[in-house]
Q: 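First the structure, then my questions, so here it is.
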Amino acid sequence: MGEQQHATFPQEVIDEYAALGVDLVAMFSAGHLGTRMGVQIVEASAERVVGTMPVEGNTQPYGLLHGGASAVLAETLGSVGSMLHAGSSKIAVGVDLNCTHHRGVRSGVVTGVATPVHRGRSTATYEIVISDEDERRVCTARLTCLLRDAPGR
């Protein structure tokens, strides 16, 4: 599904997680479901997470981008933002996902951009806008994650 890209994280965040033995770039450039769907994280910070996903291979029987595929992209991007907001002492667990599908897409690549709506101590909420290659909005999603203490913390 195209050339493999690596996620772009701020160096201080990469260093913080590396000290804990976690390779952020590897963690978010792959992943079982994301890899199968071709999700690529191309930019990541607590303020903005950007990722792409091909339409091909992620369609429903009518040949349109599957709404569940948009949900996977949205939850992935919002979860990354929540995790980066929470820091290395917490984990982010999705507790609510809402997706509104605005238009169908039959080909190409969609791009999702996650931005924070709320970043607190125990929850983080992100809005995720998914657009087609012509920058037309395909889906608007909102993800809320519970921020829990990391195991062993």
Side-chain angles (χ1 to χ4, degrees), residues 1-20 22-56 58 65-105 108-150:
M1 290 195 196
E3 184 178 306
Q4 185 80 350
Q5 298 177 5
H6 293 286
T8 303
F9 290 93
Q11 188 60 49
E12 64 273 10
V13 173
I14 292 172
D15 294 343
E16 176 185 356
Y17 283 85
L20 300 171
V22 177
D23 181 348
L24 278 183
V25 176
M27 181 185 299
F28 290 109
S29 294
H32 299 22
L33 181 58
T35 297
R36 282 195 302 268
M37 298 185 74
V39 172
Q40 296 290 319
I41 306 293
V42 296
E43 176 188 334
S45 71
E47 292 76 31
R48 177 179 156 96
V49 182
V50 180
T52 61
M53 182 179 66
V55 173
E56 183 180 346
N58 293 315
L65 178 65
H66 196 292
S70 293
V72 167
L73 178 60
E75 183 145 358
T76 299
L77 301 179
S79 293
V80 170
S82 295
M83 187 262 326
L84 291 172
H85 160 67
S88 60
S89 66
K90 301 260 187 185
I91 61 170
V93 180
V95 294
D96 183 64
L97 176 65
N98 173 281
C99 299
T100 300
H101 307 287
H102 305 292
R103 69 173 55 245
V105 181
V109 173
V110 292
T111 300
V113 178
T115 54
V117 173
H118 167 76
R119 291 185 293 173
R121 288 180 307 211
S122 61
T123 63
T125 300
Y126 280 75
E127 177 184 61
I128 304 94
V129 174
I130 300 173
S131 303
D132 65 14
E133 292 177 323
D134 293 324
E135 299 184 11
R136 295 176 299 187
R137 191 176 290 222
V138 172
C139 175
T140 303
R142 186 189 67 247
L143 173 72
T144 298
C145 288
L146 177 64
L147 306 178
R148 302 186 60 183
D149 289 334

Q: Do you know which two heavy atoms are closest between Leu147 and Ala86, and how far apart they sit?
A: CD2-CB, 3.9 Å
Q: Which pair of non-hydrogen atoms, one from Gly112 and one from Leu73, has the smallest distance, and what is that distance?
A: N-CD2, 4.1 Å
Q: To the nearest 0.5 Å, what is the distance between CG (Leu65) and CD (Glu56)?
A: 12.5 Å
Q: Tell me the closest heavy-atom pair linking Cys139 and Cys99, and the distance in Å.
A: SG-CB, 4.0 Å
Q: Does the side chain of Lys90 come within less than 4.5 Å of Asp149's, by heavy atoms?
A: yes
Q: Which pair of non-hydrogen atoms, one from Ser79 and one from Leu143, has the smallest distance, and what is that distance?
A: N-CD2, 3.4 Å
Q: Kindly compute the distance separating CD1 (Ile91) from OG (Ser82), expressed to the nearest 0.5 Å.
A: 12.0 Å
Q: Got Met53 and Val72 here, is their nearest side-chain heavy-atom distance under 4.5 Å?
A: no
Q: Please list, chain by chain and in numerical order, all residues satisfying salt bridge (charged side-chain N to carboxylate O under 4.0 Å, His left out) with Glu47, sequence neighbours excluded.
A: Arg119
Q: Report yes or no: does Glu127 contribute a side-chain atom to a donor-acceptor pair with the main-chain N or O of Thr115 at less than 3.5 Å?
A: no
Q: List in chain and number order the residues that pass salt bridge (charged side-chain N to carboxylate O under 4.0 Å, His left out) with Arg48, two or more places apart in sequence or in another chain; answer none if no residue qualifies.
A: Glu43
Q: Among Val42, Ile130, Thr52, Val129, which one satisfies side-chain contact (heavy atoms from CB on, under 4.5 Å) with Thr111?
A: Thr52
Q: Under a 3.5 Å distance rule, please check whether Tyr126 uses its side chain to pair with a backbone N or O of Ala46 as donor and acceptor.
A: yes
Q: To the nearest 0.5 Å, tell me how far Arg136 CZ sits from Asp134 CG.
A: 4.5 Å
Q: Does Arg121 have any salt bridge (charged side-chain N to carboxylate O under 4.0 Å, His left out) partners at least two apart in sequence or in another chain, and if so, which?
A: none
Q: Are the side chains of Ser70 and Val110 in touch, meaning some heavy atoms are under 4.5 Å apart?
A: no
Q: Answer yes or no: does atom CD of Gln11 have more than 12 heavy-atom neighbours from other residues, nucleotides or ligands under 6.0 Å?
A: yes
Q: Using 0.5 Å steps for rounding, measure from the CD1 atom of Ile128 to the OG1 atom of Thr140.
A: 9.5 Å
Q: Taking Asn58 for the side chain and Met37 for the main chain, is one N or O donor matched with an acceptor at less than 3.5 Å?
A: yes
Q: Are Leu77 and Val50 close enough that some pair of their side-chain heavy atoms sits under 4.5 Å apart?
A: no
Q: Looking at Thr123, is its backbone amide N or carbonyl O close enough to the side chain of His85 to form a donor-acceptor pair, meaning the two atoms are under 3.5 Å apart?
A: no
Q: Measure across Ala74 and Ala141 and return the closest heavy-atom pair with its distance rounded to 0.1 Å.
A: CB-CB, 3.6 Å
